[in-house]
*Asks:* 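The following block contains the structure, expressed as structure tokens.
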Amino acid sequence: MNHVFEFSNISAYRGGTLVFDGLDLSIRTGENTAILGPNGSGKTTLLKLISRELYPVYSTESRMLVYGRDRWNVEELRSQLGIVSQDLQQHYRNYVKGRDVILSGYYSSIDTWPHQIFRAAEIEHAEELMRQLGVDELADRPFGRMSTGQQRRFLLGRALVHRPEALLLDEPTSGLDLSASFLYLDTARKLMQQGTQLILVTHHIHEIPPEITRVIFMRKGRVVADGDKEAMLTSSNVSALFGCAVELIERYGYYQAVPGNS
């Protein structure tokens with residue numbers, strides 16, 4: 001099993017819009033990767049294809065494998081690939097308690113339900129994740145009474161209950177203030193340093209942690225460039241990707257974009 005996913009000649013629609021037409025893309029296991037592109041480039045559709053929320057147009061000439069398999073039980077897939085997305089965040093009701101957000105990850109459900117059984121070890125693991133993520137004091141707080149950053153950390157805990165090999169994060173610091181953003185990125189870095197692979201889908205350059213080694217550029221449903229982070233994240237490359245003058249500044253392994261000379 002050498003790849004998290006392998007897509008070959010994939011075409012996919014969202015609603016009535018053709019997003020991908022013959023997409024080829026793969027990410028190897030253990031390869032911390034950022035997929036970067038402007039709005040409308042197909043990043044969210046790609047995430048939904050990987051997570052099996054969306055399926056491509058059937059073709060005998062296409063292939064879509066996740067961890068070497070073309071068919072998955074979604075709950076089983078979550079044990080290898082943890083996902084935190086803005087769509088998921090919006091699906092949780094305001095009354096759901098923090099602890100139940102994390103526990104719901106065991107069943108890949110939204111909230112917990114009376115028929116779901118949780119072993120003592122699973123409950124203890126959820127409690128330990130809350131402590132590690134610094135949200136244990138919010139275990140009984142309703143989701144709707146949390147800040148966006150607190151909600152995001154509970155969803156991260158939900159993704160981690162199965163101790164997945166890889167995490168797929170969708171614009172993880174969107175809507176967070178500086179303190180919450182830094183805390184979330186620090187948590188992501190620690191997970192990578194402990195051996196969890198990170199696949200980051202974003203249009204925010206500042207979200208790319210130093211441990212990311214590969215960057216993929218997407219635009220209008222196509223991969224337009226792909227390579228080592230240092231070679232990809234240059235002012236000229238990012239200016240071409242976003243269609244505007246950009247100057248990149250690098251500090252301590254992080255990159256920030258500022259307006260360039262047009």
Side-chain angles (χ1 to χ4, degrees), residues 1-35 37 41-92 101-113 115-119 122 125 155-171 191 195-201 214 216 218 221-223 226:
M1 187 187 304
N2 297 320
H3 291 82
V4 177
F5 68 86
E6 299 172 84
F7 290 176
S8 176
N9 194 33
I10 293 296
S11 298
Y13 285 83
R14 284 194 72 186
T17 302
L18 179 65
V19 179
F20 295 129
D21 185 11
L23 175 70
D24 295 314
L25 181 62
S26 64
I27 292 180
R28 293 179 292 274
T29 54
E31 188 174 50
N32 294 318
T33 303
I35 301 171
S41 60
K43 302 186 303 299
T44 299
T45 301
L46 177 66
L47 185 152
K48 290 182 178 294
L49 286 169
I50 298 169
S51 65
R52 291 304 200 255
E53 295 178 57
L54 186 69
Y55 285 85
V57 176
Y58 173 76
S59 169
T60 57
E61 298 178 353
S62 66
R63 184 176 68 165
M64 191 176 82
L65 303 179
V66 178
Y67 283 112
R69 292 167 52 180
D70 61 357
R71 294 180 183 275
W72 278 95
N73 174 290
V74 174
E75 291 185 16
E76 186 184 0
L77 176 59
R78 294 295 187 272
S79 67
Q80 292 189 255
L81 184 63
I83 299 172
V84 181
S85 69
Q86 294 188 54
D87 279 356
L88 180 62
Q89 187 167 356
Q90 293 168 2
H91 286 158
Y92 272 86
V101 172
I102 293 185
L103 287 172
S104 67
Y106 285 110
Y107 288 90
S108 299
S109 60
I110 304 297
D111 199 0
T112 57
W113 301 93
H115 68 278
Q116 296 173 344
I117 305 299
F118 300 99
R119 301 190 305 272
E122 293 173 332
H125 183 46
L155 291 174
L156 180 58
R158 179 187 187 273
L160 292 172
V161 292
H162 290 295
R163 299 178 175 88
E165 295 180 13
L167 278 175
L168 183 57
L169 302 184
D170 177 23
E171 297 180 1
L191 288 167
T196 302
Q197 181 178 356
L198 180 66
I199 301 172
L200 173 67
V201 180
R214 178 185 177 192
I216 298 165
M218 292 192 70
R222 297 188 177 278
V223 174
D226 182 357

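Each residue takes its place number in the sequence, starting with 1.
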*Asks:* How long is the span from the CG atom in Leu25 to the CD1 atom in Ile10, to the nearest 0.5 Å?
*Replies:* 10.5 Å
*Asks:* Give the minimum heavy-atom separation between Asp87 and Lys48, together with the two atoms involved.
*Replies:* OD2-NZ, 2.7 Å
*Asks:* Does any non-hydrogen side-chain atom of Thr112 lie less than 4.5 Å from one of Phe118?
*Replies:* yes
*Asks:* Restricting to non-hydrogen atoms, name the atom on Asp170 and the atom on Leu47 that form the minimum distance, rounded to 0.1 Å.
*Replies:* CB-CD1, 3.4 Å
*Asks:* Without swapping roles, check the side chain of Thr196 against the backbone of Glu165 for a donor-acceptor pair under 3.5 Å.
*Replies:* no
*Asks:* Rounded to the nearest 0.5 Å, how far does CZ of Arg214 lie from CG of Asn32?
*Replies:* 11.5 Å
*Asks:* Can you check whether Ile83 reaches Leu88 side chain to side chain, under 4.5 Å on heavy atoms?
*Replies:* no
*Asks:* Counting only N and O atoms by type, is there a donor-acceptor contact under 3.5 Å from the side chain of Thr17 to the main-chain atoms of Gly15?
*Replies:* no
*Asks:* Starting at CD1 of Ile117, measure out to OH of Tyr107 and round the result to the nearest 0.5 Å.
*Replies:* 6.0 Å
*Asks:* Return the OH to CD1 distance between Tyr67 and Ile50, rounded to the nearest 0.5 Å.
*Replies:* 10.0 Å
*Asks:* Any donor-acceptor pair under 3.5 Å linking the side-chain atoms of Gln116 with those of Ser109?
*Replies:* yes
*Asks:* Calculate, to the nearest 0.5 Å, the distance between atoms NE2 and OG belonging to His91 and Ser104 respectively.
*Replies:* 13.0 Å
*Asks:* Is a salt bridge present between Arg63 and Asp70, judged by a nitrogen-to-oxygen distance below 4.0 Å?
*Replies:* no
*Asks:* Would you please say whether a donor-acceptor pair under 3.5 Å links the side chains of Glu61 and Ser59?
*Replies:* no
*Asks:* So do the side chains of Tyr55 and Val57 get within less than 4.5 Å of each other, counting heavy atoms only?
*Replies:* no
*Asks:* How long is the straight-line distance from OH of Tyr92 back to CG of Asp111, given to the nearest 0.5 Å?
*Replies:* 7.5 Å
